[in-house]
2 protein chains.
Amino acid sequence: MTRDGLSPRVEFVTRNQVACYALHMPLKLPALDPESVAPRSSSAYPEPFRSRVLPRDKRALGDAFGLTTIGVNLTTLGPGKESSMRHYHTREDELVYVLEGQVVLRTDEGEQVLTAGTCAGFKAGGANGHQLVNRTNAPARYLEISNRHPEDVAFYPDDDLAYGKTPEGKHRFTRKDGSEY
Amino acid sequence: MTRDGLSPRVEFVTRNQVACYALHMPLKLPALDPESVAPRSSSAYPEPFRSRVLPRDKRALGDAFGLTTIGVNLTTLGPGKESSMRHYHTREDELVYVLEGQVVLRTDEGEQVLTAGTCAGFKAGGANGHQLVNRTNAPARYLEISNRHPEDVAFYPDDDLAYGKTPEGKHRFTRKDGSEY
């Protein structure tokens with residue numbers, strides 16, 4: 001018995017429970033655990049492009065904090081999936097930081113393997129299309145970071161895909177001749 | 001001997017070297033390994049604040065890609081060090097994503113421990129000051145993400161510190177009465 005009347009075993013368990021409680025203390029805003037943010041798996045792409053990127057989990061971390069000038073998504077890309085079609089933006093800088101697994105970055109310079117802890121960046125207005133492809137058998141996880149610009153437009157050099165917006169501001173894609181898929 | 005004339009040992013080493021080569025293939029822009037970006041350990045704070053944050057390694061990943069609308073820093077904060085004095089921004093949203101180790105987030109709501117894989121976000125214009133403190137014995141590493149706004153100003157609720165800029169646009173700090181430290 002220890003001086004507080006608990007056996008060593010009970011005391012140990014009690015201490016252990018306290019330690020676990022401290023480690024798993026739920027976070028409250030302005031902090032959060034990304035696991036508490038509902039993942040989205042949707043795409044405005046028409047087929048045959050949509051099924052090349054979905055299913056794909058995106059957790060909109062910036063939105064969860066009410067941020068409006070930057071977008072920060074935590075994305076999990078499954079085996080065989082593509083982050084997007086190869087594209088570039090006119091007004092939005094982008095940076096991708098790989099957290100887990102690996103992806104192939106495809107640009108005009110060819111292909112490179114990005115492993116956890118490496119990153120890639122794409123200045124707005126550069127006409128060098130980029131995409132990530134997961135060619136492994138395991139999910140890859142990365143942060144996608146960009147500014148937000150209401151007049152941003154994306155171009156797709158490899159695909160018959162033209163980006164636009166509906167009158168409500170939602171993404172809308174057509175063929176390059178403007179016709180619907 | 002194997003059929004290609006190499007002993008099993010040599011064959012194994014050869015295969016291993018090929019694997020290592022593939023894993024350590026140097027990245028080229030628009031990708032990079034953050035280890036190839038020179039870390040900065042400087043602060044515009046006057047004493048006694050400067051030595052509360054330094055030494056502190058910051059790798060400016062966004063700058064390395066020429067990005068101008070967002071800043072993305074990979075920061076390593078040593079034991080006992082603070083990310084900054086507690087502050088808030090008027091025009092810059094901020095998001096911090098912890099990669100390694102743990103830091104204490106201090107805000108008006110009190111203190112919370114952020115472990116690897118968790119994050120915190122601070123909307124521009126909110127008057128809730130924040131800072132990170134490393135109270136462990138190991139370095140902590142995190143990404144600091146923000147938009148960039150030329151008219152952004154920071155306020156320091158806990159310290160006699162006022163933010164300003166020199167005519168050349170560099171950070172400049174005084175006491176709140178405008179006098180020099």
Side-chain angles (χ1 to χ4, degrees), chain A residues 22-37 59 61-72 74 91-100 102 105 107-110 112-126 128 130 141 143 145-149, chain B residues 22-37 59 61-72 74 91-100 102 105 107-110 112-126 128 130 141 143 145-149:
Chain A
L23 282 171
H24 296 289
M25 194 90 154
L27 294 174
K28 58 188 179 186
L29 291 175
L32 64 78
D33 182 338
E35 294 299 320
S36 70
V37 177
R59 289 177 160 86
L61 304 183
D63 288 355
F65 295 118
L67 309 188
T68 55
T69 65
I70 52 175
V72 180
L74 175 62
R91 307 294 287 268
E92 292 182 352
D93 287 341
E94 281 186 274
L95 192 144
V96 173
Y97 187 96
V98 181
L99 298 169
E100 292 173 30
Q102 66 179 51
L105 169 66
T107 64
D108 286 349
E109 288 81 11
Q112 303 183 73
V113 175
L114 303 186
T115 53
T118 68
C119 58
F122 315 102
K123 185 165 170 50
N128 186 354
H130 60 270
R141 184 169 265 209
L143 291 171
I145 302 162
S146 72
N147 64 304
R148 284 179 164 166
H149 196 293
Chain B
L23 284 171
H24 296 290
M25 194 91 156
L27 294 174
K28 58 188 180 185
L29 291 175
L32 63 78
D33 182 338
E35 294 299 320
S36 70
V37 177
R59 289 179 160 86
L61 304 184
D63 288 356
F65 295 117
L67 308 188
T68 55
T69 64
I70 53 175
V72 180
L74 175 61
R91 307 294 286 269
E92 292 183 352
D93 288 342
E94 280 187 274
L95 192 144
V96 172
Y97 186 97
V98 180
L99 298 168
E100 292 174 30
Q102 66 179 51
L105 169 66
T107 63
D108 287 350
E109 289 80 11
Q112 302 183 73
V113 175
L114 303 186
T115 53
T118 68
C119 59
F122 315 103
K123 186 166 170 49
N128 186 354
H130 60 270
R141 184 168 266 210
L143 291 172
I145 302 161
S146 72
N147 64 305
R148 285 180 164 164
H149 197 292

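Order of the sequence lines sets the chain letters (A, B, ...), proteins ahead of strands, with each chain counted from 1. When reading the values below, keep in mind they use all heavy atoms of this one structure, side chains included, and skip hydrogens, waters and symmetry mates.
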- Message: Just so I understand: if I count every heavy-atom pair under 4.5 Å between each of A:D108, A:L143, A:N128 and chain B, which residue has the most?
- Response: A:L143
- Contacting region of A:E94 [heavy-atom separation from chain B under 4.5 Å]: backbone
- Close side-chain approach of A:N147 to B:I70, heavy-atom, < 4.5 Å: yes
- Interface moiety of B:L114 toward chain A, non-hydrogen atoms closer than 4.5 Å: side chain
- Derivation and outcome, side-chain contact (heavy atoms from CB on, under 4.5 Å), residues B:L74 and A:Y97: CA-CA 10 Å; B:L74 175 61; A:Y97 187 96; 4.2 Å; yes
- Message: Out of A:C119, A:A31, A:A64, A:G126, return the one with the most heavy atom pairs under 4.5 angstrom to chain B.
- Response: A:C119
- Task: Compare every heavy atom of A:G66 with every heavy atom of B:K123, then report the nearest pair and how far apart it is.
- Result: CD-O, 3.1 Å
- Do the non-hydrogen side-chain atoms of B:L99 and A:L99 ever get within less than 4.5 Å of each other? yes
- Query: Do you know which of A:R148, A:H149, A:Q112, A:E35 has the most heavy-atom pairs under 4.5 Å to chain B?
  - Reply: A:Q112
- Query: Which atoms of A:T69 come close to chain B, meaning under 4.5 Å heavy atom to heavy atom: side chain ones, backbone ones, both, or neither?
  - Reply: both
- Task: Measure across B:D33 and A:G117 and return the closest heavy-atom pair with its distance rounded to 0.1 Å.
- Result: OD1-O, 4.5 Å
- With a 4.5 angstrom heavy-atom cut-off, could you sort out which part of A:T68 is near chain B: side chain, backbone, both or neither? both
- Contact part of A:E109 toward chain B, heavy-atom cut-off under 4.5 Å: side chain, backbone, both or neither? both
- Query: How many angstroms lie between atom CG of A:L105 and atom CG of B:L27, to the nearest 0.5 angstrom?
  - Reply: 9.0 Å
- Item | Part of A:L29 lying under 4.5 Å from any heavy atom of chain B | backbone
